[in-house]
Amino acid sequence: MGVGMGEEEEASVSGNIKLSEENHPSGGLTIKTTGKDASTLVARDLHSPSLKSSMESSPYNSPSLVSPPSSAFVSALQSPYISPRATILKSQDQENSNPCLVSHPSPPVSSYRGGSQSDDIPSSSYTPPSDQYEYSDDPADPKLKFVTCVPVPDPGPRISFSFPVPRISFAKAPVSPASNAKLRSCDVFIGFHGQNPNLGRFCKWVKSELELQGIACFVADRAKYSDGQSHEIADRIICSVTYGVVVVTSCSFLNHLSLEEIRFFTQKKNLIPVLFDTGPAEIKGLLNCNSIDKECKEAIEGVIKCHEFKLEANQGNWRSCVAKAAAILRAKLGRKSVAEQDFVAELPFPRNRFFVGRDKEIVEIESALFGVAEQDYYCCSMPIIKGEASGQSEGLADEESDNIVSTRGRYINLELGKSKEPSSEPFMGRSSTKRSKFNKSKSGNYKSLGGSVICINGVAGIGKTELALEFAYRYAQRYKMVLWVGGEARYFRQNILNLSVNLGLDVSAQDEKERGRVRSFEEQEFEAFKRVKRELFRDMPYLLIIDNLETEREWWEGKDLHDLIPRNTGGTHVIITTRLPKVMTFDMMQLPPLPLSDAMILVRGRKKKDYPTEELEFLTKFDEKLGRLSFGLWIIGSLLSELPISPSALFEAVNQVSTSLEDASTSPTDEQFFKHNPFVMKILCFCFAVLHQVNGRRNNILASRMLLVGAWFAPSSIPANLLAAAAKYMPVAGNRFRRWSKGLSLALGCCGGCGFTTQSDEDCANLLVKLGLARRANGQNGCWIQFHPITQAFAKRKECLSTAKAAVLGIRKTGNPLINSDHLWATAFLVFGFKSEPPIVQLKAIDMVMYIKKTALPLAIRAFTTFSRCNSALELLKVCTNVLEEVEKSFVSQIQDWCQGSLCWRNKLQGKQRVDEYVWQDVTLLKATLLETRAKLLLRGGHFDSGEELCRTCISIRTVMLGHNHAQTLAAQETLANLVRMRSKI
């Protein structure tokens with residue numbers, strides 16, 4: 001009996017339709033139909049004791065079924081009550097003979113968590129987790145089955161709650177409490193109909209969002225079901241859920257199953273309609289059609305009546321609509337609130353208000369990720385009559401049009417629709433002909449989805465990052481969250497694990513034992529990586545942007561990029577920006593230079609000054625010299641906007657500075673880029689000289705130092721105070737740009753000077769942003785900036801390695817391991833060097849002790865415990881130990897040289913090179929601390945022998961230096977006891 005049915009309708013289920021329980025092995029139900037018409041109802045059967053008891057036990061009898069908040073997400077297909085083996089006796093004559101059993105096999109159940117299930121079978125709210133990520137939505141997959149519109153023999157009478165036939169209760173026989181609880185575990189039914197792939201994507205998003213809120217869901221397009229049992233399962237769940245969400249599209253009123261859902265939930269007064277790419281005015285206009293029947297009119301009136309929540313999803317507000325629907329259902333079901341995150345904070349940079357061009361490339365990315373409808377988005381073979389154009393772009397949704405709802409100026413002709421789809425033949429699915437058209441890109445109604453991974457390839461400075469950022473801001477509402485990951489080789493693995501913070505995952509290392517053994521470090525790292533991967537690539541739609549991917553293989557362990565990105569990414573889209581000509585087998589988009597018209601807009605600057613014709617010729621010369629490189633054009637535009645200088649004077653000034661730059665040397669890594677782009681090098685040198693030419697003001701000198709120091713930071717956002725603190729450690733003497741200041745003063749003198757006034761660290765950072773050398777970043781507190789990779793490459797010069805040491809000292813003093821971990825890793829690469837790269841910065845013994853104690857040790861512990869980077873953390877601690885041992889050896893060598901030398905030599909070196917005993921003591925005790933820390937971490941990975949050896953060495957050092965009963969010595973002895981105890985147990 002459907003939920004919410006009145007007593008009179010309950011009484012309509014009479015004894016002419018008898019339900020009895022047979023002793024079949026499957027324990028299923030047997031439905032016996034008498035020879036009389038099923039619509040003939042006998043009222044006296046209501047007083048039957050057996051019928052009354054079965055009605056009382058029916059889970060559908062209550063008008064308000066609310067599953068308990070603690071109910072588990074149990075698949076409806078796994079319930080013996082939900083999917084019975086039905087036995088149907090066709091006639092009364094067969095009742096006395098051996099009945100003919102017709103069994104309907106249960107449809108298969110998908111076994112991955114959150115993956116895309118086949119649309120031909122009922123989809124439950126939960127599926128058990130699996131390590132398989134290679135699931136597929138490909139129509140050619142043999143696991144997917146689509147029925148045709150050709151009539152097929154009916155395997156048996158399908159009992160439905162379809163109007164106006166009275167409903168038949170499926171629970172007349174006694175039901176066990178366990179089965180009843182499984183049935184009641186579904187709280188919400190989500191129904192939809194249509195061929196638009198974005199419609200299915202939206203519905204899966206709603207389902208995943210509700211499950212995140214603790215609400216069990218069931219999503220289905222019942223028109224795709226091919227067998228009667230699937231329909232029965234869906235019917236039972238529809239009757240049992242507490243609320244029904246129907247995603248209404250333009251073709252929902254042309255499908256009798258969608259009409260059935262709308263009318264049923266309207267009668268129960270628990271309908272929550274979501275208008276998808278349509279509006280209430282468009283739906284109300286259907287009432288004026290004379291050709292609509294009674295059922296369609298009731299459904300339209302039901303949608304209008306229940307549209308009190310005003311859930312309308314258009315192409316610019318998907319995220320807001322899903323969040324609003326989840327909040328409504330969460331409040332109605334009494335579930336706890338989950339904090340929402342503002343999408344602006346997800347992106348590393350604010351939106352570029354001066355972004356120009358690239359419309360063609362953005363449309364290509366949208367077409368590849370979302371697909372493009374050539375005719376209508378929803379109804380194949382359903383004629384659409386178009387009205388006035390609304391003037392809104394269908395594919396682009398910027399921040400100012402997020403709240404605009406457009407019906408796109410069209411309505412449905414129901415009369416013509418009926419002529420194409422006869423009402424006497426129910427629509428059960430897409431025909432094979434239509435399916436084949438859906439797969440083709442040049443025929444049919446849809447262009448196929450090109451894939452979920454797009455690689456944007458181009459030279460440095462062409463605008464790859466800007467394009468990805470603009471796409472993210474335009475289409476952020478189509479995703480649950482935008483995740484931005486730096487693709488630089490050294491930091492890529494840590495950046496992936498950092499996504500666990502955004503996704504709310506716990507990837508910390510846990511000393512859990514499995515089957516009598518401790519998990520190895522490799523297993524712990526794999527599990528942490530798998531958790532992020534499992535959450536990232538499921539039905540919840542995320543946009544993952546990997547910016548500036550340097551290599552296909554991971555730098556630390558050499559793992560392939562396919563280990564991160566599976567063949568099918570579920571609801572997640574991936575955009576990769578890279579200089580590599582090819583990335584695995586992913587589709588590549590070669591980014592061309594900007595058109596001349598867009599390049600002229602960019603080079604004129606933010607203020608868009610008007611120049612005479614002769615000055616515009618110099619802008620064209622800039623474009624030719626730069627090869628239409630977007631980065632160089634942006635810097636020229638910034639200089640013209642911020643400096644009181646004309647294009648001709650700027651061109652001459654740059655040429656004057658460049659004459660002295662022919663002997664300028666660059667690092668080997670970036671020599672090739674500057675060799676092919678010499679004019680970019682000249683412009684960057686001019687900008688650096690500008691920072692020195694503001695009447696010798698101290699703060700502008702600080703800005704230039706911030707530029708040089710920032711070259712050695714990690715390629716991520718930097719707080720201005722940290723950058724300024726590192727810049728203050730630079731030596732004052734020696735500046736190879738000072739000789740260019742005189743020539744620059746002549747060029748700027750006639751223009752009245754630069755006009756910059758800086759007073760604080762933030763002002764200096766803003767000056768770098770104004771000149772185009774850096775860009776503002778979204779940080780937690782204060783001012784954050786990030787340098788362009790070309791700017792960092794320019795500032796890394798062989799003669800200025802002292803700036804690298806200043807960066808190390810500044811980060812050691814001011815850096816926070818919680819928010820500056822990337823920059824702390826950058827200093828570790830500078831101080832220790834990794835793999836085949838030698839160290840760049842040489843620190844004194846006392847500075848090395850402070851660096852390891854304040855920076856390296858906390859960094860390693862946090863990487864191990866918080867992100868399960870076990871091997872990387874242990875490698876860093878091992879390198880620190882080796883460095884301290886080398887310091888000890890140098891101390892011993894100095895003592896030996898001092899003892900073996902002559903008395904005159906000893907007196908001469910006594911005041912300068914005498915070993916500081918206190919520093920030596922600090923080095924030795926810090927070495928013991930590192931040994932104990934390594935032993936504790938090795939204990940959590942099952943390396944008991946190695947940990948025991950390190951711990952005994954630590955105990956020996958502390959016993960000699962501190963004494964046997966010192967607290968630190970006793971702590972090391974306790975660690976040793978734990979190692980021995982664990983080795984004996986496992």
Side-chain angles (χ1 to χ4, degrees), residues 493-494 497 506-531 554 556-559 817 821 824-825 828 832 834-835 849 851-853 855-886 888 923-962 966-986:
R493 185 174 185 84
Q494 181 62 53
L497 293 175
D506 181 13
V507 295
S508 59
Q510 301 174 357
D511 51 350
E512 297 178 356
K513 289 179 287 186
E514 293 182 352
R515 300 177 182 178
R517 69 180 183 88
V518 178
R519 294 188 303 171
S520 64
F521 292 140
E522 290 73 15
E523 291 175 329
Q524 296 183 43
E525 291 184 352
F526 177 76
E527 178 63 26
F529 204 73
K530 187 174 68 174
R531 289 178 187 174
E554 194 263 336
W556 288 91
E557 300 178 6
K559 291 185 177 180
S821 61
L824 266 62
W825 277 109
F832 304 118
F834 272 85
K835 297 191 175 182
V849 170
Y851 174 80
I852 294 177
K853 186 180 299 184
T855 303
L857 183 58
L859 178 64
I861 294 176
R862 185 172 185 269
F864 187 101
T865 58
T866 306
F867 298 104
S868 296
R869 294 191 62 185
C870 307
N871 292 320
S872 302
L874 288 171
E875 181 67 19
L876 177 58
L877 294 177
K878 181 179 179 181
V879 171
C880 292
T881 306
N882 295 337
V883 169
L884 293 181
E885 289 179 351
E886 292 297 328
E888 285 184 323
V923 168
T924 305
L925 291 179
L926 181 57
K927 175 184 174 182
T929 302
L930 292 175
L931 293 174
E932 182 187 17
T933 304
R934 291 170 60 189
K936 290 181 178 179
L937 299 183
L938 290 172
L939 171 64
R940 304 179 69 169
H943 298 271
F944 305 119
D945 294 337
S946 301
E948 182 178 349
E949 180 181 356
L950 296 177
C951 195
R952 292 187 184 278
T953 305
C954 171
I955 293 174
S956 301
I957 294 175
R958 288 180 175 175
T959 301
V960 174
M961 300 292 295
L962 302 176
H966 194 272
Q968 295 184 12
T969 307
L970 297 177
Q973 292 176 353
E974 180 65 23
T975 302
L976 178 62
N978 292 335
L979 285 165
V980 175
R981 189 184 309 112
M982 290 296 297
R983 186 178 60 179
S984 62
K985 289 183 178 180
I986 300 178

Residue pair V518 / R940, side-chain heavy-atom distance below 4.5 Å: no
Partners passing side chain to side chain donor-acceptor pair (under 3.5 Å) against R952 (at least two apart in sequence or in another chain): E948
All side chain to side chain donor-acceptor pair (under 3.5 Å) counterparts of T924, not counting sequence neighbours: E888
Residues, nucleotides or ligands: over 12 heavy atoms within 6.0 Å of E949 CD: no
Atom pair CG (L938) and CG (L931), whose distance is rounded to the nearest 0.5 Å: 10.5 Å
Where I852 and P858 come nearest, the two heavy atoms and their spacing: O-CD, 4.1 Å
Partner set under salt bridge (Lys or Arg N to Asp or Glu O under 4.0 Å) for E527, not counting sequence neighbours: K530, R531
Residue list, side-chain contact (heavy atoms from CB on, under 4.5 Å) with S956, at least two apart or on another chain: none
Counterpart residues, side-chain contact (heavy atoms from CB on, under 4.5 Å), relative to T866 (two or more places apart): R862
Contacts of A972 that satisfy side-chain contact (heavy atoms from CB on, under 4.5 Å) - sequence neighbours left out: E932, C954, I955, R958
Point-to-point distance, once rounded to the nearest 0.5 Å, from CZ of F529 to CD of E554: 7.5 Å
Just list the side-chain donor-acceptor pairs under 3.5 Å for residues 973-981, sequence neighbours left out, or say none.
from: T975; atom 1: OG1; to: A971; atom 2: O; distance (Å): 3.1
from: N978; atom 1: OD1; to: R981; atom 2: NH1; distance (Å): 2.6
from: N978; atom 1: ND2; to: E974; atom 2: O; distance (Å): 3.4

Smallest separation among heavy atoms of C880 and A856, with atom names: SG-CB, 3.7 Å
For L876 against A828, the heavy-atom pair lying closest together: CD1-CB, 4.2 Å
N882: partners by side chain to side chain donor-acceptor pair (under 3.5 Å), with sequence neighbours left out: none
Atom NZ of K559: over 12 foreign heavy atoms under 6.0 Å: yes
Value rounded to 0.5 Å, distance of CE in M961 from CD in Q968: 10.5 Å
Counterpart residues, salt bridge (Lys or Arg N to Asp or Glu O under 4.0 Å), relative to K853 (two or more places apart): none
Euclidean distance, L950 CG relative to D945 CG, rounded to 0.5 Å: 11.0 Å
All pairs passing ring-ring contact (aromatic ring centres under 6.0 Å, His included) where residues 966-986 contributes a residue, at least two apart: none
Any pair counted as ring-ring contact (aromatic ring centres under 6.0 Å, His included), so long as it reaches residues 855-878, sequence neighbours left out: F521-F864
Verdict with supporting geometry, T881 and E885, side chain to side chain contact (heavy atoms under 4.5 Å, CB included): CA-CA 6 Å; T881 306; E885 289 179 351; 4.0 Å; yes
Residue pair P817 / L824: nearest heavy atoms and the distance that separates them: CA-CD2, 3.8 Å
Residues which pass side chain to side chain donor-acceptor pair (under 3.5 Å) with R869, listed by chain and number, not counting sequence neighbours: Q494, S872
Residue pair L937 / L877, side-chain heavy-atom distance below 4.5 Å: yes
Exercise: identify the closest heavy-atom pair between L926 and V849: CD2-O, 3.7 Å
CG on L925 to CG on L930, rounded to 0.5 Å: 11.0 Å
Check: E525 side chain, C870 main-chain N or O, donor-acceptor pair, under 3.5 Å: yes
